[in-house]
Amino acid sequence: MLITPEYVFQDVTHITPAFLAGKGITALVLDIDNTLTDDGSQQLPWEVAAWLQAMRAAGVRLTIVSNGTPRRVAPFARKLGLDYVCWAAKPLTPGLVVARRRLGVEKRRMAMVGDQLYADRMAAALYGIPALMVVPRGPDRGAQVRLKRKWERRFWQRYYDRGGKLL
């Protein structure tokens, strides 16, 4: 179960404060590429901006944890007014450890939001927190990610085969 999704959302904006409250989650660790915005983009879609505002209004603490470089991650995080961890080396967990300490929450109150099973889902599983997976927002630009997407297909299918729904 390190790779098979627990929850799959059509889009990050489908994750609601009510869903989080029902799971006891008060803090989200957010991926950037194909989760909050298109791969490599510095533009935040208006609906994601509204979702971030709604999360903040509901008291949900937010931070970014990305495998991206400071050049990619820092300007994007600054636009959003969010703290961040770059070069996180997901699926390894040190970036999640740093994020949890900065957020000031118990691990059981935190969840990872991302689009890649071999990075985001696996990191969450290894750290022992829920992963809220999203359908990627756009096409993947990197060859490495495109290759991982091929490997991920069977794990996505396992989620649906066992009755998983697109939330």
Side-chain angles (χ1 to χ4, degrees), residues 1-38 43-68 73 76-86 88 90-138 152 155-167:
M1 297 306 276
L2 282 177
I3 301 173
T4 303
E6 300 166 281
Y7 306 100
V8 180
F9 294 85
Q10 178 64 45
D11 186 82
V12 69
T13 61
H14 289 223
I15 301 169
T16 65
F19 175 87
L20 298 176
K23 303 290 181 197
I25 297 168
T26 60
L28 294 177
V29 176
L30 306 167
D31 181 45
I32 297 175
D33 291 318
N34 277 330
T35 300
L36 296 179
T37 191
D38 290 345
Q43 302 303 314
L44 186 69
W46 69 267
E47 66 274 11
V48 177
W51 176 81
L52 289 168
Q53 186 175 12
M55 288 291 134
R56 286 180 171 130
V60 177
R61 304 196 60 168
L62 306 166
T63 193
I64 291 172
V65 174
S66 172
N67 285 349
V73 178
F76 190 81
R78 276 196 295 272
K79 277 189 207 180
L80 306 183
L82 294 177
D83 198 3
Y84 64 92
V85 177
C86 54
K90 295 178 290 184
L92 303 178
T93 62
L96 296 177
V97 172
V98 170
R100 187 193 63 75
R101 287 185 184 143
R102 288 181 183 171
L103 289 167
V105 298
E106 299 173 54
K107 187 162 64 166
R108 65 185 178 88
R109 300 279 184 201
M110 186 170 101
M112 174 79 216
V113 179
D115 66 298
Q116 289 187 46
L117 297 180
Y118 281 105
D120 307 309
R121 168 63 179 120
M122 189 179 280
L126 291 172
Y127 193 54
I129 63 173
L132 311 179
M133 302 306 297
V134 299
V135 174
R137 293 191 71 82
E152 290 177 345
F155 297 103
W156 288 108
Q157 191 57 51
R158 284 183 190 168
Y159 171 77
Y160 295 111
D161 288 348
R162 68 170 199 235
K165 305 278 186 233
L166 191 59
L167 305 172

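Just so it is clear, the values below take in all heavy atoms, side chains as well, and ignore hydrogens, waters and symmetry mates.
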Item to check | pair Val85-Ser66: side-chain heavy atoms closer than 4.5 Å | outcome: no
Checklist entry - Does the pair Asp83 and Thr63 meet the rule for a side chain to side chain donor-acceptor pair (under 3.5 Å), with working shown? => result CA-CA 5 Å; Asp83 198 3; Thr63 193; 4.8 Å; no
Checklist entry - Taking the six-membered ring for Trp, is the centroid-to-centroid distance between Tyr159 and Tyr7 below 6.0 Å? => result no
Checklist entry - Is there side-chain contact between Pro5 and Trp156, with at least one heavy-atom pair below 4.5 Å? => result yes
Checklist entry - Between the side chains of Asp120 and Gln116, is a donor N or O closer than 3.5 angstrom to an acceptor N or O? => result no
Item to check | Any side-chain donor near an acceptor of the partner, Tyr84 and Arg78, under 3.5 Å | outcome: no
Checklist outcome for this item: For Glu6 and Ile129, the nearest pair of non-hydrogen atoms, with its separation, is OE1-O, 4.2 Å
Checklist entry - Closest approach of Val73 and Ile32, non-hydrogen atoms and distance? => result CG1-CD1, 4.0 Å
Item to check | Residue pair Gly68 / Cys86: nearest heavy atoms and the distance that separates them | outcome: O-CB, 3.2 Å
Item to check | Pairwise side-chain contact, Met112 with Met122, heavy-atom cut-off 4.5 Å (strictly under) | outcome: no
Item to check | Gap separating the OG1 atom of Thr4 from the OH atom of Tyr160, nearest 0.5 angstrom | outcome: 12.0 Å
Checklist outcome for this item: With Tyr127 as partner, the option from Lys90, Arg100, Lys107 fulfilling side-chain hydrogen bond (donor to acceptor under 3.5 Å, both in side chains) is Arg100
Checklist entry - Met55 versus Leu28: any side-chain heavy-atom pair under 4.5 Å? => result yes
Checklist entry - Is any side-chain heavy atom of Val135 closer than 4.5 Å to a side-chain heavy atom of Asp11? => result no
Item to check | Among Asp31, Val134, Leu80, side-chain contact (heavy atoms from CB on, under 4.5 Å) partner for Leu36 | outcome: Leu80
Checklist entry - In terms of side-chain geometry, is the basic nitrogen of Glu152 or Arg121 positioned less than 4.0 Å from the acidic oxygen of its partner? => result no
Checklist entry - Just by distance, do the side chain of Thr93 and the backbone of Leu96 share a donor-acceptor pair under 3.5 Å? => result no
Checklist entry - Which heavy atom in Pro130 sits nearest to a heavy atom in Ile25, and how many Å separate them? => result CG-CD1, 4.3 Å
Checklist entry - Would you call Pro45 and Val48 a side-chain contact if the rule is heavy atoms closer than 4.5 Å? => result yes
Checklist outcome for this item: Tightest non-hydrogen contact, residues Met110 and Leu103, listed as SD-CD1, 4.1 Å
Item to check | Closest approach of Val29 to Ala99 (non-hydrogen atoms, all atoms of both residues) | outcome: CG2-CB, 4.2 Å
Item to check | Polar side-chain atom of Trp51 near backbone of Ile15 as donor-acceptor pair, under 3.5 Å | outcome: yes
Checklist entry - With distance as the sole test, does Arg109 use its side chain to make a donor-acceptor pair with the main-chain N or O of Gly24 at under 3.5 Å? => result yes
Item to check | Residue from Val65, Thr35, Leu132, Leu82 passing side-chain contact (heavy atoms from CB on, under 4.5 Å) with Leu30 | outcome: Leu82
Item to check | Separation between NZ of Lys79 and OG1 of Thr37, rounded to the nearest 0.5 Å | outcome: 8.5 Å
Checklist entry - Between Arg137 and Asp115, does at least one N-O distance fall below 4.0 Å, as a salt bridge requires? => result no
